[in-house]
Structure formats: structure tokens, C-alpha cells
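We name chains A, B, ... by the order of the sequence lines, and we start the count at 1 in each one.
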There are 2 protein chains.
Amino acid sequence: MGQLPTVLDVATAAGVSRQTVSNVLNSPELVRPATREKVESAIADLGYRPHASARRLRTQKSSTIGIRLDPMTDGISGSVLDRFLHALTEQADAKGLRVLLFTATDPDDEIRQFQRLRDGADVDAFVLTSTFHGDPRTEWLIENGQSFVTFGRPWGIDDMDDPQHLWVDVDGRHGLREATMHLLETGLTRIGYIGWPSPSGTGDDRRLGWMETMAKASGLTPAEVDALEVTAQEGVSYGAAAVRLLEDAPGGVDGVVCASDSLALGALIGSTRRIPIIGYDNTPVAASIGFSSVEQPLDQVAAGVLELLTGAHGGKLNDDTVTDPRHRLVKPRLVVRDVPTLGVATH
Amino acid sequence: MGQLPTVLDVATAAGVSRQTVSNVLNSPELVRPATREKVESAIADLGYRPHASARRLRTQKSSTIGIRLDPMTDGISGSVLDRFLHALTEQADAKGLRVLLFTATDPDDEIRQFQRLRDGADVDAFVLTSTFHGDPRTEWLIENGQSFVTFGRPWGIDDMDDPQHLWVDVDGRHGLREATMHLLETGLTRIGYIGWPSPSGTGDDRRLGWMETMAKASGLTPAEVDALEVTAQEGVSYGAAAVRLLEDAPGGVDGVVCASDSLALGALIGSTRRIPIIGYDNTPVAASIGFSSVEQPLDQVAAGVLELLTGAHGGKLNDDTVTDPRHRLVKPRLVVRDVPTLGVATH
DNA sequence: TGTCGAAATTTGATCGATCAAATTGGATCG
DNA sequence: CGATCCAATTTGATCGATCAAATTTCGACA
């Protein structure tokens with residue numbers, strides 16, 4: 001009860017040497033099956049667990065991933081990071097990796113944290129979220145040879161195919177194609193779009209999905225399609241204002257797809273007619289209120305991140321092994337729900 | 001560029017020994033000011049950072065706190081854990097502590113994780129959230145002499161004052177007193193309550209706040225007050241159904257306070273008259289839609305947790321030092337917002 | 001000025017694991 | 001049957017820091 005067992009205790013119990021125990025753990029193929037079994041049962045008997053810090057000191061690896069906890073992406077979609085974090089932690093666990101959190105007030109501060117965590121050998125890779133155009137963080141990480149993967153494409157034109165930049169992202173364009181197509185298939189024609197002002201990497205990508213679907217399958221003229229787009233800042237009240245614009249315009253709208261659940265919720269609240277509205281992110285709000293939304297497959301994103309991180313190049317480029325692609329683009333899924341009866345009493 | 005500097009490098013540069021450098025870092029009072037300055041400037045020059053794993057190996061402490069990431073407290077209030085986590089990480093950082101995440105599928109699995117993390121010397125304390133009556137986790141932690149603090153009181157009658165159990169919690173009763181009083185002060189009388197079915201530690205506590213305020217300040221008879229309470233499961237649709245019950249009952253209601261924002265949102269949606277409704281948690285949804293809600297001071301909770309953890313007894317009981325209280329009860333704050341115009345077009 | 005005790009600093013050992021090199025044991029083959 | 005080679009295992013050294021004990025320096029005081 002007093003002391004935790006060490007490799008030496010296990011070795012003694014199994015009648016072998018330290019190193020053999022270590023080998024059973026790290027390179028089982030070097031150990032004869034009979035020996036391995038002896039050691040394994042000794043490990044089980046003593047309840048031995050390797051001492052993480054000792055191992056890290058020796059190997060100079062931490063088996064830990066650092067991720068910044070955003071200062072609450074305030075608004076409704078904060079839960080996306082939350083769910084991603086959960087998926088990441090769960091799957092990292094399964095691979096023997098730990099997830100360490102940190103916070104930062106701004107990108108420069110975040111870089112300072114990178115430095116601190118790297119120097120302390122606390123983490124050996126980082127996962128970045130909410131990347132943006134010309135992000136100084138990825139630049140720093142690349143320059144300093146740090147392993148990292150971003151959740152989100154680098155939106156700068158040049159960076160997108162930078163072989164040193166590993167990324168995983170969700171194909172928002174595909175998501176909005178699905179959403180738009182879904183409404184068109186129910187017989188509606190004039191599908192509006194409420195999105196964020198350009199330029200916005202993610203926003204422009206989603207918008208494109210709506211636009212190309214409308215061009216192809218709505219039967220409207222390009223000018224008519226253009227008139228069905230409204231841009232609004234992120235936020236429920238902006239969504240409400242936007243939907244009114246669409247409804248009051250000549251021709252009106254039959255349905256609306258939005259760049260976010262916040263906008264969709266606003267649209268739902270602001271709408272005077274009961275038209276179907278589709279959001280993005282499938283947040284708990286969408287589920288609670290009951291409107292359709294595009295769901296990001298965050299477990300697939302997490303899996304992708306870990307694959308890239310632990311893959312052949314271990315997050316670092318290795319010029320000759322160009323087997324795996326250096327990024328993953330996963331497809332979101334439309335979750336269809338009935339139009340909710342917002343603000344209308346049922347009795 | 002190649003190697004990170006170690007204590008020895010710093011010592012050489014400053015013309016002192018390893019241990020002196022170590023002392024400057026850990027027990028500055030042992031070092032003469034002149035020497036300390038020399039060492040400090042050497043540290044700055046070389047950009048030295050102590051190697052966390054080496055230190056942990058030697059001291060047998062990890063300076064790391066483990067916290068379980070809940071499997072998405074699905075519903076709207078998930079963001080509470082999120083915000084708590086953020087506050088905790090931020091303040092832990094400031095104290096040189098790290099926050100390590102883990103997940104678990106059920107309490108037993110969580111106990112297995114405790115064991116794993118303890119044995120690997122990965123963490124030296126745990127923070128538990130969502131504790132419940134007769135929680136096996138706290139039992140295990142106490143039995144095994146593990147440091148921990150819970151966010152949430154132990155609701156079992158016996159456990160509440162268990163000196164081995166450190167906890168921090170939010171005074172929900174106070175929060176509902178404030179909310180109820182606020183509505184009474186605006187001249188309303190019949191304030192209804194939508195809460196969770198008993199027994200529910202948190203729920204019963206909040207309900208009490210409403211009840212005692214009504215008894216004292218509403219001028220209604222106990223029977224009349226009783227009639228203003230409706231219990232509902234957590235969830236938007238249940239909140240909507242509950243508010244209808246209240247409105248349709250003889251006498252109706254002038255306003256409603258709820259045990260959660262989900263219920264409040266439901267009440268808002270389900271309500272046919274435009275009565276003020278107050279939620280609990282001040283989630284992003286409350287802020288977006290714009291209804292009043294009771295906000296938990298999560299940064300104070302985080303601060304309390306860390307104080308207890310790093311305090312005199314370091315999270316572990318030390319029978320003779322009974323100076324600090326072993327728990328903190330912090331007061332929430334009512335965030336007042338105008339009644340939203342849900343589902344009513346403004347033009 | 002010399003002595004003594006406290007303060008400041010240094011040296012040697014250690015935490016628990018893995019790496020690198022050395023050693024042992026077996027099977028193969030001329 | 002003995003030399004050779006490969007597989008399996010062991011031994012010694014090390015990662016970077018702190019602890020414990022030994023040593024030096026310093027200041028006060030007789």
C-alpha cells in the first residue's frame with residue numbers, strides 16, 4: 001500500500017530484469033512469448049502502472065496533446081468545441097494520449113503558451129481550433145518545428161497546400177448542398193440563405209454550397225438566386241432581422257438555410273410565416289427547439305486529428321513518406337426535424 | 001537551438017551550482033539577493049524553463065489536476081461545465097497547475113480512470129462535477145487518500161459535513177430568492193415555479209429559495225403558493241407544457257421562475273400571455289433570446305476549488321490544522337433582461 | 001583577532017523509466 | 001564437435017530535476 005510498484009518490483013517478481021519488463025511494455029516482439037506471459041501476470045498481480053513522468057523524462061516525449069480552451073465562443077455554438085473536445089479526449093485516451101488544456105487571451109499569448117508547454121516538455125503536439133487567415137500561430141509552430149494539426153483549413157490561398165500544415169476540416173459546402181437540396185426536394189423553390197459577410201473562410205465555403213445547388217437545381221435565374229441571399233452578423237437578433245428582409249422582398253421565400261444555429265434560431269423567431277429553416281452545427285438548441293440542422297461529425301474530426309498526429313510523420317513532415325494525405329475533409333450530415341411550433345400555443 | 005538549457009547550464013552561466021539555481025526557483029528566501037539576481041538573469045538570458053517531467057519524477061507531484069469531461073450534459077446547460085472548465089484552466093495556469101482531461105462512461109469507469117491517472121502520477125488531485133447522492137466516486141477517493149474537491153455539495157445527509165470531503169457549490173437557494181424577489185418587487189404577486197421532481201439535491205435547494213420568498217413576501221397563503229409549483233423533467237418541451245398548466249390554473253400566474261434555462265426557454269415558448277420568466281444558469285441561449293437568468297459565478301467557484309486544493313491541507317485532511325473551512329458556498333447573481341418578444345413579428 | 005553558530009552554497013544520491021552496449025543461450029552448419 | 005551467428009536477456013549509464021547531508025562563508029561577539 002505504501003509504495004507503488006516499479007519496473008524493478010515487477011522484474012523481481014517475474015524473475016527477469018528491468019529491461020525485459022520495459023520491453024514487454026514497449027517492444028513485445030523482442031520478448032519470448034513464455035517470458036512475456038510471466039511478466040504480464042506479474043504486472044497484473046502487482047497492479048503495476050508505468051510512471052508517466054519517468055518515462056517522459058527518459059524518452060523526451062510527453063504523449064500529451066495541448067489544446068486551447070477558447071474563451072467561450074460566445075453565442076450558441078460554443079458547444080461545438082465542447083463536443084469536439086470530448087471526442088478528442090475519448091479517442092486520445094484509447095491511444096494512450098492525454099489531453100492538456102490551456103487558455104490564452106490572444107494569439108500572441110497563445111504562442112507564449114506554446115513555448116512554455118514545449119519547453120516544459122508538457123506536450124508534444126498541439127491541436128488548434130478556429131484558425132483564421134494569416135494565422136500567426138501556425139506560422140510560429142511551423143518555424144519552430146512543433147507538431148500540430150488544425151481543426152479548420154488554413155484559409156490563406158498559399159497555405160492551403162503547405163505540406164507542413166496538417167489539417168482536418170468539415171466540408172461545410174457539402175453540408176449546405178445537402179440542406180438546400182433537402183428543401184428543394186420537398187417541392188420548395190425559393191430557398192434563401194442567411195450567412196456571414198465575406199470574407200470569411202468558413203462562411204464563404206458554406207455559402208457556396210447553397211449557391212451552387214440553387215444554380216443547378218432550383219430553376220431560378222442567377223439574379224433571382226442572388227436576391228435570396230442576406231448577410232448578417234453572427235447572433236440571434238441579426239438572424240431575425242435577416243429573415244424579415246427575405247420575407248418582405250418581392251417573391252418572398254419558401255425556406256431558409258443558415259450559416260449557423262444562432263442565425264437559424266433568429267430566423268425562426270423573426271419569421272412571420274411558418275417556413276422551414278435549417279441551421280448549422282446541430283447544437284443543443286436546435287435539438288431542443290426542434291429545427292433541422294447540419295451536424296458536424298466531430299468524432300470523425302477527432303479521429304482524423306489523431307491519425308495525422310500519430311501517423312507516419314507524427315505530425316512532422318518527413319519528406320520521403322508521402323503516403324498519407326496531410327489533411328482530411330469530412331462530410332457533415334443533415335439532421336432533419338419537423339418545423340417547430342415556436343410561440344404558437346397548442347390549445 | 002539544439003538542446004534546451006538545463007539547471008546545469010544556468011548554474012554554469014551564473015557561476016553557481018545546480019542546487020542554487022533550484023533554490024532560486026523553489027525557495028528564493030534561501031538565496032542571497034545578489035546571487036539570486038545573477039541566477040535570474042542567467043535564466044532569462046538562456047530562456048531556461050524547468051523540465052516539468054523531471055521535476056515531477058523527483059518530487060512525486062504532478063502539479064496537474066484531473067477533471068472529467070462530461071459526456072455532454074445534453075440539453076442547453078452543457079455550457080456551464082464549459083465555462084467552469086475555462087475558469088478553472090485559466091486560474092490553474094496562474095498557479096502553475098495544469099488541467100488534464102479524461103472521459104468515462106459511468107462512475108465505475110471513472111473510478112478506473114482515477115486509478116490509472118493516480119498510478120501514472122499523471123495528476124495529484126481531481127475535481128469532480130455533478131456529484132449525486134451516495135456517489136461512489138467520492139467514497140473511493142476518500143478511501144484511497146486521493147486529493148479532490150467537488151463542485152457540488154454531497155447531497156447525502158451524512159456526507160455534507162464529512163471533513164474529508166472538500167466542496168464548493170453555488171447557493172441556488174439564494175439565487176431563486178433573488179429571482180423571486182425581483183419579480184415580486186416589480187409589483188407581481190403570483191410567481192410560479194417550474195422545477196425538477198424531488199428528490200434532487202440541486203433542484204430541491206433551488207425550489208426552497210422560491211418557496212421561502214413566496215411565503216415571506218408574496219402575501220399568498222401556503223396553499224396558494226403550493227398551487228403555483230409545477231414539476232417537470234429537464235427539457236424545453238416539458239417547460240412548455242408546465243407553463244401551460246400554470247396559466248390555465250385558476251388564478252393563473254404573473255411570472256415564472258425556473259430551475260434551468262431549458263425549462264425557462266420552454267416556458268417562454270409555451271406561454272400564451274407575455275409574462276416575465278426567469279431561468280437559471282444564464283446560458284448563451286438566455287443571453288441570445290434575452291430572458292433573465294441566474295448566473296453562477298463560475299470563476300469564484302474555480303477559485304474556491306483551487307484554494308481548497310492548494311490550501312493548508314492540500315486537499316487532504318490534516319487533523320490538526322482546522323483553520324480554513326473545508327467548503328465554500330458562493331452566491332449567484334441575477335442577470336436581468338427585458339422580456340423578449342418571442343415569436344411576435346415587430347412590423 | 002579568534003571562535004562559534006547560523007546562513008549560504010555545494011556535493012552526492014536519487015526519483016523510475018529507457019537507451020545503448022554487453023552478455024548469455026540456442027540453433028545451424030561445415 | 002566446435003565455431004558462428006542471431007535471438008533473448010541483462011547490465012551500466014542517463015534523462016533533469018530536487019532532496020539530504022556536507023561544506024564553506026559570513027557576521028556577531030568576547
Check: [Y] main-chain N/O paired with [X] side-chain donor or acceptor under 3.5 Å:
X: Arg18(A); Y: Val10(A); result: no
X: Glu90(A); Y: Thr103(B); result: no
X: Asp109(A); Y: Asp106(A); result: no
X: Asp124(B); Y: Ser63(B); result: yes

From [atom1] of [X] over to [atom2] of [N], roughly how many Å is that when rounded to an integer?
X: Leu30(A); N: dT10(D); atom1: CG; atom2: C1'; result: 14 Å
X: Asp122(A); N: dA17(D); atom1: CG; atom2: P; result: 12 Å
X: Leu8(B); N: dG12(C); atom1: CG; atom2: C1'; result: 14 Å
X: Asp9(A); N: dA17(C); atom1: CG; atom2: C1'; result: 13 Å
X: Ile43(A); N: dA17(C); atom1: CD1; atom2: C1'; result: 13 Å
X: Leu4(B); N: dA17(D); atom1: CG; atom2: P; result: 9 Å

Worksheet entry | Contact list for residues 33-56 of chain A, test salt bridge (Lys or Arg N to Asp or Glu O under 4.0 Å), sequence neighbours left out |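 Applying salt bridge (Lys or Arg N to Asp or Glu O under 4.0 Å) to every pair that reaches into residues 33-56 of chain A, excluding sequence neighbours, yields Arg56(A)-Asp122(B).
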Nearest to the side chain of [X], which nucleotide is it out of [options]?
X: Thr35(B); options: dT10(C), dG16(D), dT9(C); value: dT9(C)
X: Leu57(A); options: dC15(D), dT9(C), dT10(C); value: dC15(D)
X: Val31(B); options: dA17(D), dT9(C), dT10(C); value: dT9(C)

Item to complete: Let me have a per-nucleotide readout for nucleotides 18-25 of chain D, 5' to 3', with B, S or -, counting only protein heavy atoms under 4.0 Å.
Response: BBB-----
Practice prompt. State whether Gln60(A) places a side-chain N or O below 4.0 Å from either non-bridging phosphate oxygen (OP1 or OP2) of dT14(D).
Written response: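 Checking Gln60(A) against dT14(D): no side-chain N or O falls below 4.0 Å of OP1 or OP2.
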Worksheet item: Can you find a side chain N or O atom of Ser53(A) that sits less than 4.0 Å from OP1 or OP2 on dA17(C)?
Response: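 Ser53(A) to dA17(C) OP1/OP2: no side-chain N or O under 4.0 Å.
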Item to complete: Among Thr131(B), Thr138(B), Thr150(B), find the residue that satisfies the side-chain hydrogen bond (donor to acceptor under 3.5 Å, both in side chains) test when tested with His165(B).
Response: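 For His165(B), the side-chain hydrogen bond (donor to acceptor under 3.5 Å, both in side chains) check succeeds only for Thr150(B).
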Worksheet item: Base, sugar-phosphate, or nothing for Thr6(B), non-hydrogen atoms under 4.0 angstrom?
Response: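 Result for Thr6(B) = sugar-phosphate.
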Worksheet item: With sugar-phosphate meaning primed atoms plus P, OP1 and OP2, does Arg36(B) contact a base, only sugar-phosphate, or nothing at under 4.0 Å between heavy atoms?
Response: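 Counting heavy atoms under 4.0 Å across all strands, no contact is made by Arg36(B).
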Worksheet item: In terms of ring plane angle, is the pair Phe114(B) and Phe126(B) parallel, tilted or perpendicular, where the classes change at 30° and 60°?
Response: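 Answer is tilted, since the angle falls between 30° and 60°.
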